[in-house]
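Take a look at the structure set out below.
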Amino acid sequence: MEQVLYAGITIVVGVGFAFLYFWGSNWLLDKALSTQGVDNATSIRRDRLRTRVRPWLFLFPALFFLTVYLIYPVFETIRLTFFDNGGRNFVGISNWIWAVNSPQFVQSLINNALWLIVVPAASTAFGLLVAVLADRLWWGNIAKSLVFMPMAISFVGASVIWKFIYDYRGSGEQIGLLNAIVVAFGGEPQAWITIPFWNNFLLMVILVWIQTGFAMVILSAALRGIPEETLEAARIDGASDIRIFFDIMVPQILPTILVVWTTITIVVLKIFDIVLAMTGGQWNTQVLANFMYDQMFRANHFGHGSVVALVIMIAVLPVMIWNIRQANSEQGTH
C-alpha cells in the first residue's frame, strides 16, 4: 500500500512540476519579450526571438536530464580510466595495460564474443521460424503468445526459472528438469552450470528463450507486409515452400532481419543479469558487464571498472549507430 502511495505522490509531483515549469517559463518569456508599448520594428524582433526561444524551453528538461544522466557520466568514465582506485591520483594508461594483461578481462572478451555469435543468430532464426510456421496453424496466435510470454519476465526472474531446470542435487533425488531427464534415460546427473565452456551455452539458452519472442513479433509483422500476389505467383510457377521461404520471404524482409539481429546484439553486449544470477561469473562464465560490476563495486577499483565500461560502450556504439541509420532508411522508403 505504501508503494502505491509513494508512486501516486511521485506522479502528482512530477505532473505538477511539469505544468508549473511549462506555464511559468512561457509566462516569463512572454513577459520578458512583451510587445506592448514598443515600436513596430522592436515588436517584430521580439516576436521572432520568442518564436526561436520557445522550442528550447520545451527541450531544456530533456537536454538537462540527458546531460546529467548520459553525457556527464560518459566523460566522467573516460576521466576515471586514467586514475587510480580512489579516482584521485593520475596513473596514465596503467589501467588499460592492466586490462590487456588481465586473464579475466580476456576471458570476458572471449565469452562476450561467443554470446555475440550464438544468441543474436539463434534468437533471430527461431523467431523467424515461429513467425512463418505459426501463420499456418489455426492455433498460431496461441503459439505466438506462448513464445512471446518470456519477454514479460525479467532477466533475473528467467534466471531463477532456469536455475531450477539446471539444478543439481549430488547423489540425491534430482529436482532439476535436465538432470531428471538424464537420470530417466539411465545417465548420471551433472552440475551443468559448473562445466567450463559448455556452461556458457547453457546461459545463452536463457537469453535466446527471452529474445525469440521479440524477434518473432517484429518479423511476423514484416512477413505480413510481403505482397500476397508475389507468393501466389511463386506457387503457380511450382516453387516449393522452402524455395519461397529462402528466395522470396527472406530477401523481402532482410532489412528487418538485420535490424532485429543488431537490436539483440546490443542486448547481448550489455548482458549482465543472467550471468550474475546464475554463476556470478564463476566457472569461466565471466562477461564484460559482470566483470565491470565486480571491479567497480566489489573490488572498489573505479579505474579498472571504468576501463571495462568504456570497452562495452565502444563495442555498442557502432552497432547502435548502424541500427538507427537502418531504421531511418526503412522509414524513408515507406
Side-chain angles (χ1 to χ4, degrees), residues 2-36 42-88 90 95 154-156 214 259 262-263 265-273 288-289 292-293 295-297 300-332:
E2 290 182 357
Q3 293 178 342
V4 175
L5 179 62
Y6 291 148
I9 293 172
T10 303
I11 292 171
V12 170
V13 171
V15 172
F17 175 78
F19 174 78
L20 288 174
Y21 169 78
F22 289 116
W23 176 82
S25 59
N26 275 285
W27 181 81
L28 287 174
L29 180 65
D30 292 337
K31 196 75 173 174
L33 298 176
S34 175
T35 57
Q36 293 181 355
T42 304
S43 176
I44 293 172
R45 283 198 303 271
R46 290 187 177 183
D47 284 337
R48 288 176 179 174
L49 183 59
R50 190 188 301 114
T51 302
R52 292 175 182 175
V53 171
R54 181 166 279 121
W56 291 102
L57 292 177
F58 290 95
L59 283 173
F60 175 75
L63 293 175
F64 173 77
F65 288 112
L66 189 66
T67 301
V68 171
Y69 293 108
L70 183 62
I71 297 175
Y72 166 72
V74 168
F75 285 101
E76 180 64 10
T77 301
I78 295 172
R79 185 189 73 84
L80 286 173
T81 60
F82 300 104
F83 285 80
D84 62 4
N85 57 342
R88 298 184 184 89
F90 183 78
N95 289 325
S154 69
F155 284 7
V156 174
F214 162 76
V259 168
T262 52
T263 302
T265 297
I266 293 172
V267 174
V268 171
L269 283 168
K270 300 181 294 181
I271 191 64
F272 165 72
D273 317 58
L288 287 172
M292 176 200 72
Y293 176 83
Q295 291 300 314
M296 192 165 283
F297 299 109
N300 290 320
H301 202 304
F302 297 135
H304 291 175
S306 297
V307 167
V308 182
L310 203 59
V311 169
I312 296 172
M313 188 187 75
I314 292 170
V316 168
L317 271 177
V319 182
M320 189 170 64
I321 292 170
W322 185 90
N323 204 1
I324 293 171
R325 287 184 175 178
Q326 188 70 19
N328 288 338
S329 64
E330 277 285 296
Q331 291 178 356

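The structure presented is a predicted model; accordingly, all values stated were derived computationally and were not measured.
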Item to check | Heavy-atom closest contact (Leu269 atom, Ala315 atom, distance) | outcome: CD1-O, 3.6 Å

Checklist outcome for this item: Nearest heavy-atom approach of Lys270 to Val316 is CG-CG2, 4.2 Å

Next on the checklist: Let me confirm one number: the CG-CZ distance from Asp84 to Phe90, rounded to the nearest 0.5 Å.
Outcome noted: 11.0 Å

Checklist entry - Considering residues at least two apart in sequence or located in another chain, which fulfil the ring pair (Phe, Tyr, Trp, His ring centres under 6.0 Å) criterion with Phe297? => result Tyr293

Item to check | Under the side chain to side chain contact (heavy atoms under 4.5 Å, CB included) test, residues paired with Ala289 that sit two or more places apart | outcome: Phe272, Ile312

Checklist entry - Sequence neighbours excluded, which residues qualify as side-chain hydrogen bond (donor to acceptor under 3.5 Å, both in side chains) partners of Thr265? => result none

Checklist entry - Is it true that a side-chain atom of Asn95 and a backbone atom of Thr81 form a donor plus acceptor pair closer than 3.5 Å? => result yes

Taking distance alone, no hydrogens or angles, what donor-acceptor pairs closer than 3.5 Å link side-chain atoms of residues 58-73 to residues at least two apart or in another chain?
from, atom 1, to, atom 2, distance (Å)
Thr67, OG1, Leu63, O, 2.8

Item to check | salt bridge (charged side-chain N to carboxylate O under 4.0 Å, His left out) against Arg54, all qualifying residues, sequence neighbours excluded | outcome: Asp30

Next on the checklist: Nearest 0.5 Å, please: how far is CD1 in Ile266 from CH2 in Trp322?
Outcome noted: 10.0 Å

Checklist outcome for this item: Hits for side-chain hydrogen bond (donor to acceptor under 3.5 Å, both in side chains) against Ser25, two or more places apart or cross-chain, chain-then-number order -> none

Next on the checklist: Once ring pair (Phe, Tyr, Trp, His ring centres under 6.0 Å) is applied, do any residues pair with Phe75, and if so which ones, sequence neighbours excluded?
Outcome noted: none

Item to check | ring pair (Phe, Tyr, Trp, His ring centres under 6.0 Å) partners for Phe17, two or more places apart | outcome: none

Checklist entry - Can you name the side chain to side chain contact (heavy atoms under 4.5 Å, CB included) partners of Ile314, sequence neighbours left out? => result Leu310

Checklist entry - Would you say Val267 and Phe214 make side-chain contact, with heavy atoms under 4.5 Å? => result no

Checklist entry - Given the rule in the side chain to side chain contact (heavy atoms under 4.5 Å, CB included) test, do Val308 and Met296 qualify, once you have shown the distances and angles that lead to the verdict? => result CA-CA 10 Å; Val308 182; Met296 192 165 283; over 6 Å; no

Item to check | side chain to side chain contact (heavy atoms under 4.5 Å, CB included) partners for Ile321, two or more places apart | outcome: Arg325

Item to check | Val311 and Met292, any side-chain heavy atoms less than 4.5 Å apart | outcome: no

Checklist entry - Restricting to pairs with a member in residues 61-77, which pass salt bridge (Lys or Arg N to Asp or Glu O under 4.0 Å), not counting sequence neighbours? => result Glu76-Arg79

